[in-house]
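Worksheet for the structure shown next.
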Amino acid sequence: MAAILPVAQRGETILTLTAAPVSASEFGSEWLLQLAVAMTATMLERNGVGIAAPQVYISKRVIIVASRPNPRYPDAPEMDAVVMVNPEILAFSEQTCLGEEGCLSVVNQRGEVARAQTICIRYYTIAGQRVETTFEGFPARIVQHEVDHLNGVLFVDRLT
Ligand code: K2U
Ligand code: ZN
């Protein structure tokens, strides 16, 4: 039974910090694996399609991205949860798109946020393998939302 962790709410300092990179010695560790397992369980329990470590009071650069069709994005792709360690968005498309966002740390508020339609991202797996790939559409939106969390930014800070 994986741990369901408490989720930090807007106004709590942890959500405003720039999270620390995961260090080389942590890759492949039981600690990092357990963190990813607990984050994923917490995200699923809260019906999220993503979550960032600072949201569960761990100021480390780890995010989970798990797009799936939902009422707001019925044609969103179904994807296995991806754990991204030390993610870096390498490029943002000029083209942006508006879409409704919510946040596990901002209850009862949703808003339209402009995000790059396509992004190129580099991240590391729990084992420390480097991955470079592109995302577009809803998955790209989730990645941008989660990376914002690692930099102390909430979607409500981006509402026009
Ligand atoms: O980081 C979080 O708080 C998780 C968000 C991820 C998200 C970011 C951008 C757009 C949608 C979701 C939660 O999944 S909020 C719940 C949710 C799920 C699907 C669509 C909209 C909101
Ligand atoms: Zn959020």
Side-chain angles (χ1 to χ4, degrees), residues 2-22 32 34-89 91-93 95-124 126 133-160:
I4 305 297
L5 302 173
V7 176
Q9 293 302 300
R10 184 184 185 185
E12 295 191 65
T13 306
I14 190 88
L15 294 176
T16 66
L17 305 180
T18 298
V22 168
L32 195 54
Q34 286 310 316
L35 173 61
V37 166
M39 284 173 66
T40 304
T42 303
M43 174 190 71
L44 293 175
E45 166 74 16
R46 306 285 292 269
N47 297 319
V49 290
I51 195 165
Q55 292 182 278
V56 291
Y57 297 97
I58 304 287
S59 196
K60 286 259 187 192
R61 303 186 79 80
V62 181
I63 65 174
I64 312 276
V65 177
S67 168
R68 58 169 156 70
N70 60 87
R72 272 163 214 78
Y73 299 84
D75 53 3
E78 180 87 38
M79 65 190 269
D80 291 333
V82 179
V83 182
M84 300 184 183
V85 180
N86 298 341
E88 281 175 85
I89 298 177
F92 297 84
S93 60
Q95 188 196 358
T96 62
C97 57
L98 266 178
E100 186 177 82
E101 298 192 11
C103 185
L104 300 177
S105 300
V106 181
V107 293
N108 302 327
Q109 188 172 353
R110 293 206 183 279
E112 291 280 306
V113 180
R115 299 284 188 183
Q117 168 67 14
T118 306
I119 59 164
C120 177
I121 182 160
R122 171 191 303 157
Y123 66 88
Y124 294 82
I126 292 176
T133 186
T134 60
F135 285 98
E136 61 179 15
F138 186 55
R141 175 174 300 278
I142 301 172
V143 170
Q144 292 172 81
H145 178 110
E146 303 310 336
V147 170
D148 267 358
H149 275 303
L150 302 183
N151 299 322
V153 175
L154 296 178
F155 84 94
V156 290
D157 304 328
R158 291 188 181 279
L159 294 180
T160 43

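Numbering of ligands and ligand atoms starts at 1, following listing order. Please read all numbers here as calculations on a predicted model, not as lab measurements.
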**Prompt:** Taking atom CZ of Phe155 and atom CG of Asp148, what is their separation to the nearest 0.5 Å?
**Reply:** 11.5 Å
**Complete:** Interatomic distance, CD1@Ile4 vs CE@Met43, rounded to 0.5 Å, equals 10.5 Å
In terms of residue, atom name and distance, what is the protein heavy atom nearest to [atom]?
atom: atom 11 (C) of ligand 1; value: Phe138 CE1, 3.8 Å
atom: atom 1 (O) of ligand 1; value: Glu146 OE2, 2.7 Å
atom: atom 20 (C) of ligand 1; value: Asn70 OD1, 3.4 Å
atom: atom 3 (O) of ligand 1; value: Leu104 N, 2.8 Å

Distance-only, no hydrogens or angles: does the [X] side chain make a donor-acceptor pair with backbone N or O of [Y] under 3.5 Å?
X: Arg158; Y: Arg115; value: no
X: Glu88; Y: Asn86; value: no
X: Tyr123; Y: Thr133; value: no
X: Gln144; Y: Ala116; value: yes

Could you check which of [options] puts a non-hydrogen atom nearest to [atom]?
atom: atom 4 (C) of ligand 1; options: Gly102, Gly48, Cys103, Gly50; value: Gly50
atom: atom 17 (C) of ligand 1; options: Glu101, Arg72, Arg110; value: Arg110
atom: atom 9 (C) of ligand 1; options: Gln55, His145, Arg46, Met43; value: His145
atom: atom 7 (C) of ligand 1; options: Leu15, Ile51, Val49; value: Val49

**Item:** SG (Cys103) - the Zn ion (ligand 2) - NE2 (His149) angle, nearest 10°
**Value:** 100°
**Asked** Do the side-chain N and O atoms of Gln117 and Ser93 include a donor-acceptor pair separated by under 3.5 angstrom?
**Response** no
**Message:** Does only the side chain of His149 get under 4.0 Å from ligand 1, or the backbone, or both, or neither? Count heavy atoms.
**Reply:**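 Near ligand 1, His149 shows its side chain, while the N, CA, C and O stay back.
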